[in-house]
Every structure is written in C-alpha cells, then in structure tokens.
Amino acid sequence: SAKDMKHRLGFLLQKSDSCDYSSSQGKKEKISSSQRLSQEEVRKWADSLENLIHHDRGLAAFRAFLKSEYSEENIEFWVSCEEYKKTKSPAKLSPKARKIYDEFISVQATKEVNLDSCTREKTSHNMLEPTLSCFDEAQRKIFTLMEKDSYRRFLKSPYYLDLVSPPGAGCGPENCKRNHTHTLDCNSNIISQCA
C-alpha cells in the first residue's frame with residue numbers, strides 16, 4: 001500500500017541521517033556533511049532526472065515511487081547498465097551482458113522494459129560480441145521514457161513533495177519517533193535539525 005511505501009521510503013532516507021533525540025543518552029549522533037540531506041539537495045532533484053538518480057537517496061525515493069506504480073524495472077535496468085559499464089574484466093562482460101539481456105530485454109524477460117523493436121533488435125545483435133557500450137542505446141531510450149513520463153509524475157507525488165515541502169507545525173522529532181506513519185512528512189525537519 002501507499003502508506004507502507006511511504007514508511008519504507010522514510011526509513012531508507014532516515015537510515016544514514018538518524019539522530020538520537022533521547023535525553024537519557026544525552027548525545028546526538030555525529031553526521032558527516034556528506035551524509036546530510038539538505039532541502040537544497042532535494043530541490044535539485046527537480047532540476048533534472050540525472051540529478052535525482054545520481055544522488056543515492058534521490059535514487060531510493062524514485063525507485064520507491066516507481067515500485068508504487070509497478071514500473072521499477074525501468075530504473076533497475078538503468079542501474080544495471082551503469083554497473084555493467086564499470087566491468088573491468090573482459091571475461092565477465094559476456095555473462096553480465098547476458099544476465100541483463102535475459103532479465104530486461106529478451107521477449108521472455110522477467111522484468112521486460114518497454115523498448116521499440118529496432119532498439120531491441122540492435123541490442124540483441126550487440127549480444128553476439130558484448131562491449132561496455134552494448135546497452136547504451138537501450139539505456140538512453142529508457143532514460144528518456146522515465147524523464148518524459150514517470151519523473152514528471154514523481155515530482156508531483158508525495159514521495160517528492162513531502163521531502164521538499166514538509167508540513168511545518170507539529171512535526172518535531174519526538175512525534176516522528178512515536179508515529180512511524182509520519183516518517184516521510186517529518187524527515188526534512190529532522191534532517192535540518194540534525195545538520
């Protein structure tokens with residue numbers, strides 16, 4: 001359900017930003033500046049899909065949103081292609097390429113992405129001798145599809161809006177700790193207080 005997804009997303013976003021508010025322990029967890037998630041960073045996600053998916057927590061938020069729409073195969077394919085391009089060993093190229101192809105592109109793919117027949121055919125041909133760039137065209141097509149479609153919906157969804165403009169009043173850290181359903185709503189306030 002949407003409530004469960006919001007809770008999971010809130011948990012993911014809070015994971016590395018958690019602060020200890022209990023007075024019994026009397027200390028706050030130290031957070032390095034690289035772990036903080038500022039409102040400015042969250043607003044940058046609206047500038048481009050690239051900004052969003054190249055930020056760990058932006059990617060997590062977008063993935064959770066796509067999961068709620070039953071279309072997470074697109075971002076999973078994009079991430080798999082990014083990881084594939086980092087392959088150092090030529091011996092590993094073929095098995096990794098085959099795994100991605102079987103999972104996302106083949107007609108019997110378990111998580112088939114929406115590609116036109118020309119791109120699918122070209123990618124299939126690339127499987128004969130896989131290179132680091134054999135998925136580039138397919139990855140570009142899926143990126144464009146996400147950019148024109150699901151990314152725009154994401155920016156209008158609670159997954160993004162709750163992070164960029166949280167309700168101001170009555171949402172302190174103590175309320176967030178007690179009521180997990182408000183985790184996402186309170187997350188930005190917690191982050192700014194931890195910073």
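In this structure, the side chains of Leu145 and Lys141 stay at 4.5 Å or more apart for every pair of heavy atoms.
When atom types are taken as modelled, the side chain of Glu41 and the backbone of Ser38 share a donor-acceptor pair closer than 3.5 angstrom. Side chain of Arg120 to backbone of Ile105: a donor-acceptor contact under 3.5 angstrom is found.
Judged as a side chain to side chain donor-acceptor pair (under 3.5 Å), and not counting sequence neighbours, the contacts of Ser133 are Thr131. Residues that satisfy the ring pair (Phe, Tyr, Trp, His ring centres under 6.0 Å) test with Tyr151, not counting sequence neighbours, are absent from this structure. Partners of Ser117 according to the side chain to side chain contact (heavy atoms under 4.5 Å, CB included) rule, which considers only residues two or more places apart in sequence or in another chain, do not exist here. Listed by chain and residue number, Lys96 satisfy the side chain to side chain donor-acceptor pair (under 3.5 Å) test with Thr87 (two or more places apart in sequence, or in another chain). For Phe154, the ring pair (Phe, Tyr, Trp, His ring centres under 6.0 Å) partners are Phe62, Phe65, Tyr160, not counting sequence neighbours.
Counting heavy-atom neighbours within 6.0 Å of Glu82 CD, excluding the residue itself, gives a total above 12. Shown here is Lys85, whose NZ atom has more than 12 heavy atoms of other residues, nucleotides or ligands within 6.0 Å.
Between the side chains of Asn126 and Thr123, not a single donor N or O lies within less than 3.5 Å of an accepting N or O.
The stretch residues 70-80 participates, sequence neighbours left out, in these side chain to side chain donor-acceptor pair (under 3.5 Å) pairs: Glu76-Lys111.
A salt bridge links Arg153 with Asp149: the closest approach of a Lys/Arg side-chain nitrogen to an acidic carboxylate oxygen falls below 4.0 angstrom.
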